Amino acid sequence: IEGYLGIPLFDSSSAAIGLMAVLYEHPVQDVPRAEGVLQIFASRASAELEWLRKDRALRESEERYRTLFERNVAGVGLSTLDGRIVEANGAFVKLLGYASVEELKATDARALYPCPEARETFLERLKANRVLLGYECEVRRRDGSTGWTVENVALLHDAQSGQEVIQTTVIDVTALKHAEHSLRESERRLRHAAKSAQLGYWHWDVVSDKVSWSEEELTIFGLTRDKWTPTYAGYLEHVHPDDVDRVRKVVADAAQVRGPMTYDARIVRPDGAVRHLHVTIESTRDETGRAIEMFGTTLDLTDRVRAEEE
């Protein structure tokens, strides 16, 4: 090798990305001319190399996005305002009960709502806000059954098509909705049973001195929530004067022992009526043994006591 010419390659930001060189078997005769020709090729090579690097980076980015899209445990979908489903991942397809992405994409998005009004309400809110976070939506599955989802939705402009598209991320909360319904139904039955049995329940946070009573507890005492706020001192004011000291002692003892205690006592309602109660009381204590809360139930025995007296 008798001659050598080399020119560094730079990208559009002036960062070095390579080197173009020519090796000669004889000394270079016209160096300026050879450098000029090499510079032309180097410029084209730099542009091509930069494009290849950007294209590879774009493909890698798209592959990462596709992997994230497909493996996301949440349902992810893309649709148009007129109801055309553009894309969806496997979790979205499974949530709606379809066999494949292609089958779901062949479905009008409007068919995924239980009624046209639900779709219209959704679109009105989305157009007004552009972004909806935590949007609860009832959906219709492929088999006609309905479920519930919580969605994060964004209305975006697609530069490629020039259209506005709806990007949706959803999670299925149907089981949670059913559990909430079952809980509400259980609470309703419990309230009905407590009312029928004239059984009230109460809770006293000893540290903050905050007391809460059930509606049936208030009914037993002839009180209403809008006119009276439960407190321990207020409770003692309604206890019959002959029973107050004994009630105080039982409450003090209950704060010191483990397990429930019971006592019978009379109360005097605001209208002067005397009621006979059976109270169960239990405490929770901290690591030092100090009572931090007390709770229990109140059973109205008045009818039974009167029947026994007769």
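We're numbering straight along the sequence, starting at 1. Fair warning: this is a prediction, and the values are worked out from it, not measured in the lab.
- Within the model, atoms NZ of Lys177 and OG1 of Thr149 stand 10.0 Å from one another, a figure rounded to the nearest 0.5 Å.
- Side-chain contact between Met294 and Trp202: present, with at least one pair of heavy atoms (C-beta onward) separated by less than 4.5 Å.
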How far apart are the C-alpha atoms of Asp264 and His276, what are their side-chain angles, what is the distance that settles it, and do they pass the side-chain contact (heavy atoms from CB on, under 4.5 Å) test?
CA-CA 7 Å; Asp264 292 338; His276 296 262; over 6 Å; no
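- Atom CD1 of Ile17 sits about 8.5 Å away from atom OG of Ser12, to the nearest 0.5 Å.
- With hydrophobic clusters built from ILVMFWY side chains whose heavy atoms lie under 4.5 angstrom apart, Leu81 shares a cluster with Leu132.
- Between Thr298 and the options Val279, Ile267, Thr280, a side-chain contact (heavy atoms from CB on, under 4.5 Å) holds for only Val279.
- From Leu199, atom CG reaches atom CG of Leu299 across 6.0 Å, with rounding to the nearest 0.5 Å.
- Under a 3.5 Å cut-off, the side chain of Ser79 and the backbone N or O of Val86 do not form any donor-acceptor pair.
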Evaluate the criterion side-chain contact (heavy atoms from CB on, under 4.5 Å) for residue pair Ser46 and Phe10; output intermediate values, then yes/no.
CA-CA 6 Å; Ser46 295; Phe10 298 96; 5.5 Å; no
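- A side chain to side chain donor-acceptor pair (under 3.5 Å) check over residues 113-132, counting only residues at least two apart or in different chains, returns the pairs Arg130-Glu164.
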Under the side-chain contact (heavy atoms from CB on, under 4.5 Å) rule, what do Tyr135 and Val170 come out as? Steps first, then yes or no, please.
CA-CA 9 Å; Tyr135 183 78; Val170 305; over 6 Å; no
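- Residue pairs meeting the salt bridge (Lys or Arg N to Asp or Glu O under 4.0 Å) criterion with at least one partner in residues 149-162, sequence neighbours excluded, do not occur; the list is empty.
- The residues Arg110 and Asp108 are annotated as salt-bridged, a charged nitrogen and a carboxylate oxygen being separated by less than 4.0 angstrom.
- Although no hydrogens or angles enter the test, the distance criterion places a donor-acceptor pair under 3.5 Å between the side chain of Asp243 and the main chain of Arg266.
- Note on Ile292 and Val206: separate hydrophobic clusters, where clusters join Ile, Leu, Val, Met, Phe, Trp and Tyr whose side-chain heavy atoms are under 4.5 Å apart, directly or indirectly.
- Going from atom CG of Leu78 over to atom CD of Gln167 covers 6.5 Å, rounded to the nearest 0.5 Å.
- A pairwise comparison of heavy atoms in Ala91 and Ala74 identifies CB-O, 3.5 Å as the closest pair.
- For Arg304, the CZ atom counts as loosely surrounded, since its 6.0 Å shell holds 12 or fewer non-hydrogen atoms of other residues, nucleotides or ligands.
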How far apart are the C-alpha atoms of Glu35 and Gln39, what are their side-chain angles, what is the distance that settles it, and do they pass the side-chain contact (heavy atoms from CB on, under 4.5 Å) test?
CA-CA 6 Å; Glu35 286 182 338; Gln39 183 63 58; over 6 Å; no
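- Placement of Val244 and Ile281 within a single hydrophobic cluster is found when ILVMFWY residues are connected by side-chain heavy-atom separations under 4.5 Å, directly or transitively.
- The hydrophobic clustering, which links ILVMFWY residues whose side-chain heavy atoms are closer than 4.5 Å, places Met261 and Tyr235 together.
- The two residues Arg285 and Val257 make their nearest non-hydrogen contact at NH2-C, 4.1 Å.
- Looking only at distances, a side-chain donor or acceptor of Arg141 sits under 3.5 Å from a matching main-chain atom of Thr146.
- Grouping the Ile, Leu, Val, Met, Phe, Trp and Tyr side chains by contacts below 4.5 angstrom, directly or via other members, places Val131 apart from Val76.
- By the 4.5 Å heavy-atom criterion applied to side chains, Leu277 and Asp300 are counted as neighbours.
- For the pair Lys249 and Asp253, the salt-bridge criterion is met [side-chain N within less than 4.0 Å of a carboxylate O].
- Residue Glu48 places its CD atom among 12 or fewer non-hydrogen atoms of other residues, nucleotides or ligands, all under 6.0 Å distant.
- When side chains are defined from C-beta on, Tyr98 does not count as touching Lys105, because their heavy atoms never get closer than 4.5 Å.
- Side chains of Leu123 and Ile166 form a contact here, defined as non-hydrogen atoms less than 4.5 Å apart.
- Taking every heavy atom of both residues into account, Ala88 and Val93 meet most closely at CB-CG2, 4.4 Å.
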Residues Trp204, Asp209; criterion side chain to side chain donor-acceptor pair (under 3.5 Å); working and verdict
CA-CA 7 Å; Trp204 177 22; Asp209 198 27; 3.0 Å; yes
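- Rounded to the nearest 0.5 Å, atoms CE (Met20) and CZ (Arg44) are 10.0 Å apart.
- Within a 6.0 Å sphere centred on CZ of Arg258, other residues, nucleotides and ligands contribute 12 heavy atoms or fewer.
- Judged by distance alone, the side chain of Arg142 and the main-chain N or O of Leu104 form no donor-acceptor pair under 3.5 Å.
- Aromatic ring orientation, Trp228 versus Trp213: tilted (interplanar angle from 30° to 60°).
- Judged by distance alone, with hydrogens and angles left aside, the side-chain atoms of Arg290 form no donor-acceptor pair with the main-chain N or O of Ala255 at under 3.5 Å.
- In this structure, Asn89 contributes its side chain and Gly77 its backbone to no donor-acceptor pair below 3.5 Å.
- Between atom CZ of residue Phe122 and atom CG of residue Leu112 there is a gap of 10.5 Å, rounded to the nearest 0.5 Å.
- Residues Ala45 and Leu9 approach most closely at CB-CD1, 4.4 Å, considering heavy atoms.
- The shortest non-hydrogen separation linking Gly134 to Asn152 is N-OD1, 2.9 Å.
- Side-chain contact between Val150 and Glu136: present, with at least one pair of heavy atoms (C-beta onward) separated by less than 4.5 Å.
- You'll find the side chain of Glu282 reaches within 4.5 Å of the side chain of Phe295, heavy atoms only.
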